Amino acid sequence: MNEKEYICPICGKPTYKLYGHYRKDGLCTLHGKMANSGTIIQCPDCQKWHETNLPCNCKTETAITNNTLTCLICGADSNGKHFCKSCYAKYKDKAIDVRIKNCKDVEVLDKYGNASYVCDDGRKVRSKSEKIISDFLFKYGIRAVYEKTVYYYPENADPIILHPDFYLEDYKIYIEHNGYNGKKYSETKAFTENIYKELGYKVIITSEEDINDIEACLKPILKIN
């Protein structure tokens, strides 16, 4: 690998360098951390990186072409069953939620099994406050993606991975609920607002006080009569 090739194969950012040595896989600081934590893995067949909870596109495409049944979760060979042995062992004692796109892309929404609050639309979230917000959005027919990942790359600092509670696709607005009170709420609110501002994203940050009357909080912002 020559100097000009030292870029991350996922995002094109500079490859992480430690003590004068580049990562052999070419990953940047953020994606290197994701690989180390097991959030992403490299496909042994096509060598491309993909989220651990999602099958690689090459596996999905092969399965569709061959019309064979593979694991619903990871896309690996499952010997004609709905789950491979690895995913079965990992999830057999858990209640997990998955999202299926285009009848082929599978995303595990809750691999920890701790989204226990059931919303009016059947969605599961992690807290009572999130349920109140979700039920409000469902009531007014507002499409929302739960915990859509946001990546922030500050200068001269480690990347930050955010998991905002909701992303309103039609409004291009994120909703972050802040359960803190007093000074802690003000500090975290300002910190979060600054990140979204630098990214050029719009964000609504709700507090526990807002949850007491979520309609009064969100209806004016979302221009709902």
Side-chain angles (χ1 to χ4, degrees), residues 8 10-13 28-31 33-34 37 39-40 51 53-54 97-99 101 105 107-112 114-225:
C8 179
I10 298 176
C11 65
K13 291 184 176 294
C28 64
T29 302
L30 173 63
H31 290 114
K33 286 185 175 181
M34 294 175 69
S37 66
T39 305
I40 59 175
E51 293 185 35
N53 291 332
L54 292 174
D97 293 332
V98 298
R99 178 188 292 129
K101 299 178 181 178
D105 298 327
E107 177 184 1
V108 177
L109 301 178
D110 182 33
K111 66 180 180 179
Y112 303 109
N114 61 349
S116 56
Y117 291 84
V118 182
C119 304
D120 291 344
D121 63 350
R123 184 207 309 265
K124 292 182 180 179
V125 294
R126 305 181 192 284
S127 70
K128 182 179 179 180
S129 297
E130 291 179 345
K131 170 176 163 51
I132 291 173
I133 296 172
S134 181
D135 288 346
F136 166 86
L137 298 173
F138 177 64
K139 176 181 177 180
Y140 290 99
I142 299 173
R143 295 192 303 160
V145 178
Y146 184 55
E147 295 188 340
K148 180 179 180 180
T149 305
V150 171
Y151 299 98
Y152 175 57
Y153 301 88
E155 292 186 11
N156 303 319
D158 290 336
I160 297 174
I161 303 176
L162 302 176
H163 298 284
D165 298 307
F166 301 97
Y167 174 62
L168 312 187
E169 296 180 306
D170 297 325
Y171 289 82
K172 307 303 180 189
I173 292 177
Y174 291 90
I175 295 181
E176 282 267 25
H177 179 67
N178 190 326
Y180 294 112
N181 293 309
K183 182 180 179 182
K184 186 68 174 179
Y185 167 75
S186 300
E187 291 174 349
T188 55
K189 182 174 186 291
F191 177 76
T192 303
E193 284 180 328
N194 183 62
I195 290 178
Y196 283 93
K197 182 179 180 180
E198 290 195 24
L199 290 171
Y201 299 157
K202 296 179 180 178
V203 62
I204 300 171
I205 301 178
T206 58
S207 65
E208 286 300 305
E209 184 177 349
D210 294 324
I211 294 300
N212 293 331
D213 192 350
I214 197 63
E215 298 219 358
C217 170
L218 294 180
K219 287 179 72 173
I221 300 175
L222 301 177
K223 296 181 171 55
I224 298 174
N225 296 324

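Just so it is clear, the model here is predicted, and its values are computed rather than measured.
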query = Can you list the steps and then say if Leu162 with Ile195 is a side-chain contact (heavy atoms from CB on, under 4.5 Å)?
reply = CA-CA 10 Å; Leu162 302 176; Ile195 290 178; 3.6 Å; yes

Practice prompt. Determine, step by step, whether Ser37 and Thr39 satisfy the side-chain hydrogen bond (donor to acceptor under 3.5 Å, both in side chains) criterion, reporting the C-alpha distance in whole Å, the side-chain angles of both residues, the deciding distance to 0.1 Å, and the verdict.
Written response: CA-CA 6 Å; Ser37 66; Thr39 305; 2.9 Å; yes

As a quick check of understanding, evaluate side-chain contact (heavy atoms from CB on, under 4.5 Å) for Met34 and Ile161, giving each step before the final call.
CA-CA 10 Å; Met34 294 175 69; Ile161 303 176; 4.2 Å; yes

inquiry  = Under the criterion side-chain contact (heavy atoms from CB on, under 4.5 Å), I'd like the reasoning laid out for Tyr196 against Ile205: C-alpha separation, chi angles, the key distance, then a yes or no.
reply    = CA-CA 11 Å; Tyr196 283 93; Ile205 301 178; 5.9 Å; no

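Contact check for Tyr153 versus Lys13: side-chain heavy atoms found under the 4.5 Å cut-off. Asp165 has its side chain out of reach of Ile133: every pair of non-hydrogen atoms, C-beta onward, lies at least 4.5 Å apart. Looking at Cys11 and Tyr151, their side chains never come closer than 4.5 Å, going by heavy atoms from C-beta outward. You'll find the side chain of Leu199 reaches within 4.5 Å of the side chain of Val150, heavy atoms only. His163 has its side chain within reach of Thr149: a pair of non-hydrogen atoms, C-beta onward, lies under 4.5 Å apart.
To the nearest 0.5 Å, atom CG of residue Leu168 and atom OH of residue Tyr174 are 10.0 Å apart. Within the model, atoms CG of Asp213 and CZ of Phe136 stand 10.0 Å from one another, a figure rounded to the nearest 0.5 Å.
In this structure, the ring of Tyr146 has its center less than 6.0 angstrom from the ring center of Phe166.
Heavy-atom minimum distance, Tyr167 versus Lys172: OH-CD, 3.2 Å. Heavy atoms only, all atoms of each residue included: Cys8 and His31 are closest at SG-ND1, 3.7 Å. The two residues Ile160 and Pro154 have their closest heavy-atom pair at N-CD, 4.4 Å. The two residues Arg123 and Val145 come nearest to each other via the heavy atoms NH1-C, 4.4 Å.
Judged by distance alone, the side chain of Ser134 and the main-chain N or O of Glu130 form no donor-acceptor pair under 3.5 Å. Judged purely by atom type and a 3.5 angstrom limit, Asp135 uses its side chain to pair as donor or acceptor with the backbone of Asp120. With hydrogens and angles disregarded, a donor-acceptor distance shorter than 3.5 Å links the side chain of Lys131 to the backbone of Val118. Panel note: side chain Asp210, backbone Ser207; a donor-acceptor pair is recorded below 3.5 Å.
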Donor-acceptor pairs under 3.5 Å, side chain of residues 214-224 to any protein atom, not counting sequence neighbours: which ones?
from	atom 1	to	atom 2	distance (Å)
Glu215	OE1	Tyr140	OH	2.8
Glu215	OE2	Lys139	NZ	2.7
Glu215	OE2	Tyr140	OH	3.3

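Around atom OH of Tyr180, no more than 12 heavy atoms belonging to other residues, nucleotides or ligands sit under 6.0 Å away.
Glu208 and Asn212 form no side-chain donor-acceptor contact under 3.5 Å, judged by distance and modelled atom types alone.
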